Amino acid sequence: MDLRPRKKQIQFISGFTQAEVEKMENLLNESREQVCDAEICKKLAKMFTRSKGRAGKPIVKWTEVQAWFQNRLACDLSKDNSAEANQKLPDITEGCSLNKANESSHIPKEMYKYSADKHFAGQKDPVLSDLEFEARSSKDGAWYDIDTFFSHRFLNTEQPEALVRFVGFEPGEDEWVNVRKAIRERSVALEDSECNKVRVGDLILCFQEGKNQAKYLEAHVIEIQKRFHDIRGCRCLFGIRYTCDDTKETVRLRRLCVRPSILGRP
């Protein structure tokens with residue numbers, strides 16, 4: 001059992017009001033085939049942003065509206081086909097061999113040994129009882145801890161996807177994520193005394209806390225300024241570059257989470 005410090009608990013704050021959700025639900029029932037159209041999503045986003053009920057709240061992006069519809073459609077499809085999917089479960093290990101050199105997509109072999117009837121029904125599988133995973137959200141590119149796996153599917157390209165719920169998220173915010181590219185063993189925080197394990201070039205996650213949402217973004221360590229530790233713990237500074245936009249920032253160890261393989265360094 002991993003007793004190291006966990007990531008900070010992230011509480012997702014939904015971007016939609018109850019009235020907006022009801023509007024999208026009604027539109028989904030009326031026209032399921034067109035709701036993901038960009039023009040429709042843009043009109044809805046503009047209408048929501050200008051409504052009185054959104055006073056003091058962030059503006060609505062049309063991509064957020066589209067993502068909401070896509071997730072709802074995916075959830076509905078999963079419910080309709082769950083029985084058939086479980087009966088025809090393919091071997092998920094086939095076609096999913098991972099490049100071990102690519103740490104960002106590393107998934108322990110144990111993940112491929114789950115029971116479809118138990119694991120994807122939200123129940124604990126004995127093989128996975130001591131493993132925890134994180135996944136990259138398609139909405140903002142951030143990595144979140146996975147709370148539950150619900151279902152699975154194979155696309156036409158034979159890419160396996162899993163329907164997951166992130167820790168702190170609501171049922172309507174479940175996402176389909178690519179098992180091969182966007183799910184991996186959970187990153188972990190380091191003790192102050194372990195700061196020497198971090199090296200230039202390492203792939204890490206950096207915690208960012210905004211007004212409406214806290215998230216972990218992927219970055220590479222580009223510089224390390226060693227400092228003497230004091231009563232407050234590690235005072236070293238880490239220069240990082242975010243992979244999403246190449247912006248740079250200097251942070252302290254407490255904001256970083258590292259890949260599990262880094263823990264094994266001397």
Side-chain angles (χ1 to χ4, degrees), residues 1-15 58 61 64 101-108 130-147 164-170 173 175 177 181-266:
M1 182 67 68
D2 184 4
L3 298 179
R4 293 178 178 276
R6 294 179 56 86
K7 287 185 197 171
K8 296 181 182 179
Q9 185 81 356
I10 295 178
Q11 180 63 44
F12 180 82
I13 301 177
S14 178
K61 299 178 181 179
E64 295 174 334
N102 185 356
E103 183 67 33
S104 65
S105 62
H106 175 67
I107 305 174
D130 291 333
L131 293 177
E132 294 177 298
F133 300 94
E134 63 190 15
R136 182 175 58 235
S137 170
S138 60
K139 296 178 181 179
D140 57 11
W143 289 81
Y144 299 97
D145 287 346
I146 295 176
D147 187 332
V164 304
R165 179 171 303 162
F166 298 120
V167 172
F169 282 57
E170 299 298 325
E173 296 157 348
E175 286 190 43
V177 293
K181 300 178 180 179
I183 297 180
R184 63 190 184 190
E185 189 176 1
R186 177 177 63 84
S187 299
V188 294
L190 291 174
E191 301 284 358
D192 288 343
S193 60
E194 297 175 311
C195 63
N196 63 317
K197 294 181 181 290
V198 182
R199 300 172 184 171
V200 171
D202 283 345
L203 180 69
I204 52 88
L205 293 181
C206 183
F207 182 70
Q208 286 192 348
E209 189 168 14
K211 181 178 180 181
N212 297 302
Q213 185 180 6
K215 56 188 177 183
Y216 281 90
L217 294 179
E218 203 169 59
H220 282 93
V221 179
I222 59 175
E223 181 185 10
I224 300 176
Q225 300 177 30
K226 292 293 185 180
R227 301 286 180 85
F228 286 108
H229 292 196
D230 59 24
I231 193 173
R232 295 169 293 180
C234 176
R235 308 306 296 165
C236 300
L237 298 176
F238 299 85
I240 63 173
R241 178 185 287 112
Y242 293 102
T243 58
C244 59
D245 57 9
D246 284 333
T247 57
K248 300 178 182 179
E249 188 177 5
T250 300
V251 300
R252 296 195 183 278
L253 185 70
R254 62 176 177 270
R255 287 182 55 188
L256 303 184
C257 283
V258 302
R259 304 302 304 127
S261 59
I262 292 179
L263 298 178
R265 290 176 177 172

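Values in this document were obtained by computation on a predicted structure and should not be read as measured data.
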Between Glu134 and Arg259, does any NZ, NE, NH1 or NH2 come within less than 4.0 Å of an OD or OE carboxylate oxygen? yes

For Arg227 and Gln225, the nearest pair of non-hydrogen atoms, with its separation, is NH2-OE1, 3.2 Å

- Task: List the steps, then state whether side-chain contact (heavy atoms from CB on, under 4.5 Å) holds for Val258 with Leu190.
- Result: CA-CA 7 Å; Val258 302; Leu190 291 174; 3.9 Å; yes

Closest non-hydrogen contact found for Gly201 with His220 is O-CD2, 3.4 Å

Residues passing the side-chain hydrogen bond (donor to acceptor under 3.5 Å, both in side chains) test with Arg199, sequence neighbours excluded, are none

Note: Ser137 and Phe166 closest approach over all heavy atoms is CB-CE1, 4.1 Å

Closest heavy-atom pair, Arg184 versus Leu203, reported as atoms and distance to 0.1 Å, is NH1-CD2, 3.9 Å

Under the criterion side-chain contact (heavy atoms from CB on, under 4.5 Å), I'd like the reasoning laid out for Asp145 against Arg186: C-alpha separation, chi angles, the key distance, then a yes or no.
CA-CA 7 Å; Asp145 287 346; Arg186 177 177 63 84; 3.5 Å; yes

Rounded to the nearest 0.5 Å, the CG atom of Leu256 sits from the CZ atom of Phe207 at a distance of 12.0 Å

The salt bridge (charged side-chain N to carboxylate O under 4.0 Å, His left out) partners of Arg265 (sequence neighbours excluded) come to Asp202

Contacts of Asn196 meeting side-chain contact (heavy atoms from CB on, under 4.5 Å) (sequence neighbours excluded), chain-then-number -> Lys226

Output for pair (Phe133 CZ, Ile183 CD1), nearest 0.5 Å, gives 8.5 Å

Please tabulate, one pair per line, all N/O donor-acceptor pairs under 3.5 Å involving side-chain atoms of residues 234-244, not counting sequence neighbours.
residue: Tyr242; atom: OH; partner: Gln208; partner atom: NE2; Å: 3.0
residue: Tyr242; atom: OH; partner: Glu249; partner atom: OE1; Å: 2.5
residue: Thr243; atom: OG1; partner: Glu218; partner atom: O; Å: 3.3

Residues passing the side-chain hydrogen bond (donor to acceptor under 3.5 Å, both in side chains) test with Ser138, sequence neighbours excluded, are Glu175

dist Lys197:NZ -> Leu253:CG (nearest 0.5 Å) comes out at 12.0 Å

Working for side-chain contact (heavy atoms from CB on, under 4.5 Å), residues Arg136 and Trp143 | CA-CA 4 Å; Arg136 182 175 58 235; Trp143 289 81; 3.3 Å; yes

Taken in chain and number order and not counting sequence neighbours, the residues that satisfy side-chain hydrogen bond (donor to acceptor under 3.5 Å, both in side chains) with Asp246 are none

Sorted by chain and residue number, the side-chain hydrogen bond (donor to acceptor under 3.5 Å, both in side chains) partners of Thr247 (sequence neighbours excluded) come out as Asp245

Tightest non-hydrogen contact, residues Gly233 and Asp192, listed as CA-OD2, 3.2 Å

To the nearest 0.5 Å, atom SG of Cys257 lies from atom OH of Tyr216 at 4.0 Å

